[in-house]
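Below, chains carry the letters A, B, ... as their sequence lines are ordered, and counting in each starts from 1.
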Amino acid sequence: MKIDSFFENYLKQDSLFKDKSVLLSSFVPEEVLYREEQLQEVANVLAPSLRLEKPSNLFLYGKTGSGKTLSVKHVLKMMQAVAENNNIKCKIIYINCKLKRVADTEYRLVAQLIKEFGEEIPPTGLPTDEVYNIFYGLLDQQTRVVLLVLDEIDQLTKKIGDEILYNLTRINSELKRSQICLIGISNNLVFAENLDPRVKSSLSEEEIIFPPYNALQIQEILKKRAEKSFSSGVVQPGVIEKCAAYAAREHGDARRAIDLLRVAGEIAERSGSKIVEIQHLDEAEKKVESDKIINATTSQPKQFQSVLYSILLISPQKKVFFTGEIYDVYSTICKKIKQNILTQRRISDVLAELDMLGIINARIISKGRYGRTREISISIEEKIVVKLKELLEKSLSIQ
DNA sequence: AGGTATTCACATGAAACTATTCTCTGAGTTAGG
DNA sequence: TAACTCAGAGAATAGTTTCATGTGAATACCTGT
């Protein structure tokens, strides 16, 4: 098939999708299923801001894909509509703290806040307290309530500590006219435990817990979304059920389920199928998994990649191996590609990161007289290992 | 045999360092009046 | 004299290194039987 006719055919062939955006994670539906209680609670807490009174700070807990972000966005959307209708000055800022190079440090977070007020701030070069001052100035320009949503706040504190949160909670006492209300969202259920007690008490004036969805609920959610996104009759019976089952196994992660459905649809479409079948779903699961890993590794620095490559080199020969062995292999590889060799201390950290990413399985064991070390095994599929190995060879230009 | 002390091979933490990217400031230089 | 250039001081950040301290249990070493 020649390319030109390919495009022709592509156009002629009608899409399986009616509206794919419904299946993207940024989509906010008009109706949030099975979260009525939480929605109401969020609304209750935030309502005072419509009277220009400061609402209590709010904290939301729940595992990934349990509808936290969605619920908050939904409530805030409604509120903003009302605020606009009645000409109430109420500013809503949503920031995801996990985004690299956007809001993952104190400086950048405040810089991002300033940006929300329509001012630009250089990415570096300014002292942090200077940036704070600019922010205070902007905040206090007029009387209003500012609702600040910090998504994945646990990532932020894990990286740089809870000082920022302390600063943010104290802002109110410095402001004359504005009021700021913090809404924290965390995936980590024990997040607040290791927080400065002062921060903890002022941040979690109100707490709402989001339980995971069960399989049935995910099914309903998927059905709703599928109706809107796919053309009718495309999704075969059983697909949604299986998709929900996959997700329920992973602590009821609805986002993952929706993602899976979308990828399954894309795969079906690309293969020229007119319907989405279970087989596409299985393929999608593999793809999502391998994409996740490949994305995670390719965005890492060279040194990180060479450590991973070393592990992949050892893995066919042994089922489990130890830090020292990896370090040896890593050293020879570094020599081979003329890269300087990092200390074992650093490699230890890299291994811990790889463990976090779920690429390897590391467990600290003691071999008694023969020391203490990480017992490492690889935790990704053979197929992905091969693919990853090729990729790393290219990226590190080996051979 | 039973109990204690050692010892290995790292793990884990904190602080300090390095390279890079960026701003701001003020001295020196240039061009126009 | 105003405008411009350009070096140097200071910041933020990511990735490391250095130094210091921690640690679980297999083994070595006793001790008394």
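Between the P atom of C:dA26 and the CD1 atom of A:Ile365 lies a distance of 10 Å, rounded to the nearest Å. Regarding A:Glu375, its CD atom lies at a distance of 13 Å from the P atom of C:dA26, rounded to whole Å. In this structure, the NZ atom of A:Lys302 is 19 Å from the P atom of C:dA14, given to the nearest Å. The CD1 atom of A:Ile121 sits 11 Å away from the C1' atom of B:dT23 (whole-angstrom rounding).
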Checklist line | side chain to side chain contact (heavy atoms under 4.5 Å, CB included) between A:Asp19 and A:Phe230, worked out | finding: CA-CA 7 Å; A:Asp19 179 5; A:Phe230 286 100; over 6 Å; no
Next item on the list: Evaluate side chain to side chain contact (heavy atoms under 4.5 Å, CB included) for A:Leu189 paired with A:Lys63, printing each intermediate quantity in order.
Entry: CA-CA 7 Å; A:Leu189 298 165; A:Lys63 297 211 165 150; 4.1 Å; yes
Next item on the list: Mind running side-chain hydrogen bond (donor to acceptor under 3.5 Å, both in side chains) on A:Ser348 and A:Arg374 for me, showing each step along the way?
Entry: CA-CA 9 Å; A:Ser348 179; A:Arg374 281 198 170 84; 3.1 Å; yes
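Taking a cutoff of 4.0 Å between a charged side-chain nitrogen and a carboxylate oxygen, A:Lys20 and A:Glu266 qualify as a salt bridge. For A:Asp259 and A:Arg255, the salt-bridge test fails: no basic side-chain N is under 4.0 Å from an acidic carboxylate O.
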Tabulate below the donor-acceptor pairs under 3.5 Å that side-chain atoms of residues 79-93 of chain A make, not counting sequence neighbours, or state none.
{"unit_1": "A:Asn86", "atom_1": "ND2", "unit_2": "A:Val82", "atom_2": "O", "d": "2.9"}
{"unit_1": "A:Lys91", "atom_1": "NZ", "unit_2": "A:Glu116", "atom_2": "O", "d": "3.2"}

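In the helix from B:dA1-C:dT31 to B:dA31-C:dT1, the rotation axis of the first five pairs and that of the last five pairs differ in direction by 30°, rounded to 10 degrees.
At distances below 3.5 Å, at least one donor-acceptor pair connects side-chain atoms of A:His74 with backbone N or O atoms of A:Glu30.
If you take NZ on A:Lys336 and CG on A:Leu396, they are separated by 11.0 Å, rounding to the nearest 0.5 Å.
Between C:dT17 and A:Thr343, a contact under 4.0 Å exists linking OP1 or OP2 to a side-chain N or O.
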Note to self: I need a per-nucleotide contact map over nucleotides 5-12 of chain B, read 5' to 3'. Cutoff is protein heavy atoms under 4.0 Å; write B for the base, S for backbone only, - otherwise.
What the structure shows: --BBBSSB
Check: Reading nucleotides 6-12 of chain C from the 5' end, what letters show protein touch, with B for base, S for backbone sugar-phosphate only, - for no heavy atom under 4.0 Å?
Finding: ----BBB
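When hydrophobic side chains of Ile, Leu, Val, Met, Phe, Trp and Tyr are connected at separations under 4.5 Å, A:Val22 ends up clustered with A:Phe27.
Contacts of A:Lys159 with the nucleic acid, taken as non-hydrogen atoms under 4.0 Å apart, involve only primed sugar atoms and P, OP1 or OP2.
Not counting sequence neighbours, A:Phe135 has no partner by the ring pair (Phe, Tyr, Trp, His ring centres under 6.0 Å) test.
Of all the heavy atoms in A:Asn172 and A:Ser178, the pair that sits closest is OD1-O, 4.5 Å.
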